[in-house]
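Inspection log for the structure reproduced underneath, given as structure tokens.
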Amino acid sequence: MSQLLDKMNPQQKEAILTTEGPLLVMAGAGSGKTRVLTHRIAYLMSEKQVSPYNILAITFTNKAAREMKERVEKLIGERGKDVWISTFHSMCVRILRRDIDLIGYDLNFGILDDADQLSVIKTVMEDLNLDPKRQSPKYFLSQISNAKNELKTPSDLNKEFENEDVIRVYEKYQQTLFKNNRVDFDDLLMLTVHLFEKHPEVLSFYQNKFQYIHIDEYQDTNHAQYKIVTLLAEKFRNICVVGDSDQSIYSWRGANIENILSFESDYPDASVVLLEQNYRSKQMILNAANDVIKNNSGRRDKQLWSDRGEGEAIEYHRASDGDVEANYIADKIAYMRRDAYDYHDFAVLYRTNSQSRAIEQALLRQNIPYRLVGGQSYFKRKEIKDLMAYLRLICNPDDDLSFVRVVNEPKRGIGAASIDKLSHFAAESELSLMSSIQDATGVVAKATLNKLMDFKTMIYMLRAQIEDHSLASFIDLVLSQTGYLEMLENENTIEADSRIDNLGEFKSMATQFEDVDLDEILAEEESEERADDLPTMTKLIILLNDLMLQTDTETEEEANESKVTLMTIHAAKGLEFPVVFICGFEDGIFPLRSAIEQGADDLEEERRLAYVAITRAEDLLFITNAQSRYQYGMRSANPESMFIREISETYLNKTGIESRPRPSFTLKEAMESKAPKRQIKTVSLNSGSSWNSGDKVEHDTFGEGVVVGVKGEVISIAFSAPHGIKKLMGSHPALKKRS
DNA sequence: TGCAACTGTATTTTT
DNA sequence: TACAGTTGCA
């Protein structure tokens, strides 16, 4: 028998061997589901002689797709490269790129990110005279997104008596996108369904191609994704979905937990495999996770178990203050690193990104290296978006959205007022901004018109030259011809320098794409084409869309560096760490206030999130919170999270404020105020003395320093490197005045 | 037109 | 707090 089944438990074996017909794998956290999936794919190829071209595997994130791909290749070798493994969204991009013209769009469509979406919505609202203060653009965006995920068009909403404004905005928004030949993330899914429904021959092509379909994280699929899967699997019915309803944490994005719950009624002949053995965590951690999740209603009960040993009790630490909490975590990491653990063994998880700052500061103070996952994505940076807009405009001069973005970047003296006039004119004559320029005499000032003409000439000149260049050298050309690079160079700031670096990084990404990635994509698609044969413009369009879907830019080396990982719990799904800290475990933060107010459904999702967080830990789990903390610039106090009370006391080792009360102190770290420095007499709790700029101080950790600013009770002190300027409470016990 | 200063307001998660 | 949107001035 195949060695692929070695070391598999009976349930895992069953999941791998059940290749024909519908199969539901209920995979608890850490139960080796990715391993099952990769081995199943390898098994299909090596034992069942299934061609890699007939296998599809869909994951939730790009990272998961990449990893799965690597693991399949490791198992089966080069042929693994030909298995189509991707996210829903990138799969749809590829499908649409072949046939979207059948439903009226141009094959060279571009993708819109959420920031772009919002600006379209704002413009639409303006046109419709809707007051953004009464109904926020974000509200409309989420309504539209929900509708699309439900595969509903504006006219479908009409029948359902939705908010009339939503329908109008949706309609106009969709028209705008269509005119600009752009699609948003939700369109990728919805339009794919439309394509399949209106063109059975296209659907049939993919049905025949994908004879064996795998969907990871099935609990996170929304209705549109569900529909795509259902359609694709209709013919061969070899559909294997893997998931864990207890880890459904994306309902806010339209994910419908019902999809996995009703799989058995969708496919009455489905086999079901339950994976309950956990290979990740010590039993104590699983006990806690089980304790929490069992409070959710309507779930299929499962009991995770582990043979990795009992493990230590979970350390629950309640600190007096948010900064104390952060310091506690930093101290623990510093301490534990001395013996068994390396920095990369630790993860600090939080509910919201804004919580990262306190942790960062504490780690910085202890000189603990960390990597922050998520936050401001590389592709959301202004310079990258600008460059991409230029490139998109060159590929499609009628793309008004890109036109507006870059027409005055760098400054060309073409201001908002002129663009406004041009827009109205263009709308009347049903032209794009770019093509309306030539007839715009009298619409805008003569001088402005000339500038617009120059801009147009420049874009078309670049367009004419693209085929003489590789992607990277064309990007160079664009950056220099547009004056964008010069603008940054003239700025002469560290900020601008880093923007230049980012643009350079973009260029190397393009090179990598052109030389390596593109051929892999084409191979997977069974395309006859080779990257070398494609026009640069085509390559550029594929690159732009590829990048729009890419949110994580971290390389493998970066991820493996010896650093503590900081991220949201959402970002941590699918990952594991020997030591995990979950911070801010307070009602109001985790669960979020809105979820508490909202009621059962939202609370249950928060609870699943807690379950995900807890089950990330392999050996040790720390749960922390604080009696009071700064939130939105105000001090506020939160009770401990309701979830901590759901964990049996026997699994907890409580430390901190309740067991050992001590005076609270804070290390408030505010940003340097721009206001002129005022010297205010400070009230010092422990000495009664006040601080003034120039005072010399001695700090227990940072050593000698000089006071450089006083603001209320907070004083800024310059310490020698590597500490730099710190803001501390004047009453901080570690601080002493020197004479 | 462009910039600086000011005001008001909303604070989640992301393919 | 922080940022987006607005106002007012050069």
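Letters A, B, ... mirror the listed sequences (proteins, then strands); counts begin at 1.
As a whole-Å value, the separation of A:D187 CG from B:dT15 P is 18 Å. In this structure, A:M567 atom CE and B:dT13 atom P are separated by 15 Å, rounded to whole Å. Whole-Å rounding puts the A:L609 CG to B:dT12 P distance at 14 Å. Between the CG atom of A:L188 and the C1' atom of B:dT15 there is a distance of 9 Å, rounded to whole Å. Straight-line distance from the CZ atom of A:R357 to the C1' atom of B:dT11: 14 Å, rounded to whole Å. Per the geometry, CZ belonging to A:R629 stands 15 Å off C1' belonging to C:dT1, to the nearest Å. As a whole-Å value, the separation of A:R134 CZ from B:dG8 C1' is 19 Å.
Under 4.0 angstrom from either OP1 or OP2 of B:dT12 there lies no side-chain N or O belonging to A:T568. Dashed line: the shortest gap from a side-chain N or O of A:N62 to OP1 or OP2 of B:dT15 is not under 4.0 Å. The side chain of A:K573 places no N or O atom within less than 4.0 Å of a non-bridging phosphate oxygen (OP1 or OP2) of B:dT13. Between A:S136 and C:dA4 there is no side-chain polar atom (N or O) within less than 4.0 angstrom of OP1 or OP2. For the pair A:N353 and B:dT11, the criterion of a side-chain N or O lying under 4.0 Å from OP1 or OP2 is not met.
The side chain of A:H89 lies closest to B:dT15 when the candidates are B:dT15, B:dT13, B:dG2. In this structure, the nucleotide among C:dA2, B:dT12, B:dT15 sitting nearest to the side chain of A:S594 is B:dT12. Out of B:dT13, B:dT15, B:dG2, the shortest distance to the side chain of A:T87 is found at B:dT15.
You won't find any donor-acceptor pair under 3.5 Å spanning the side chain of A:R253 and the base of B:dT13, going by distance alone.
Aromatic stacking of A:W252 on B:dT13: satisfied, with centres closer than 5.5 Å and planes within an angle under 30 degrees.
Note on A:N149: nothing from the nucleic acid sits closer than 4.0 angstrom, heavy atoms only. Looking at heavy-atom distances under 4.0 Å, A:A417 makes contact with sugar-phosphate atoms alone, never a base. Here A:F60 lies in heavy-atom contact (under 4.0 Å) with sugar-phosphate atoms only.
When each of A:K138 and A:Q225 is assigned the nucleotide of DNA chain B with its nearest heavy atom, A:K138 is the one assigned upstream, toward the 5' end. Place A:K133 and A:S418 on DNA chain B by their nearest nucleotides, and A:S418 ends up nearer the 5' end.
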Under the criterion ring-ring contact (aromatic ring centres under 6.0 Å, His included), I'd like the reasoning laid out for A:Y170 against A:F140: C-alpha separation, chi angles, the key distance, then a yes or no. CA-CA 8 Å; A:Y170 182 9; A:F140 285 108; over 10 Å; no

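A:T59 and A:D216 share no side-chain donor-acceptor pair at under 3.5 Å.
The shortest heavy-atom contact between A:A389 and A:R405 is CB-CD, 3.7 Å.
Checked for salt-bridge contact, A:D386 and A:R381 miss the test: no charged N lies under 4.0 Å from a carboxylate O.
Ring orientation note: the planes of A:Y206 and A:F210 are close to parallel, at an angle under 30° on the 30°/60° scale.
Rounded to a whole angstrom, the distance from the C1' atom of B:dT12 to that of C:dG5 is 23 Å.
Ring pair A:F590/A:Y350: centre-to-centre distance not below 6.0 Å.
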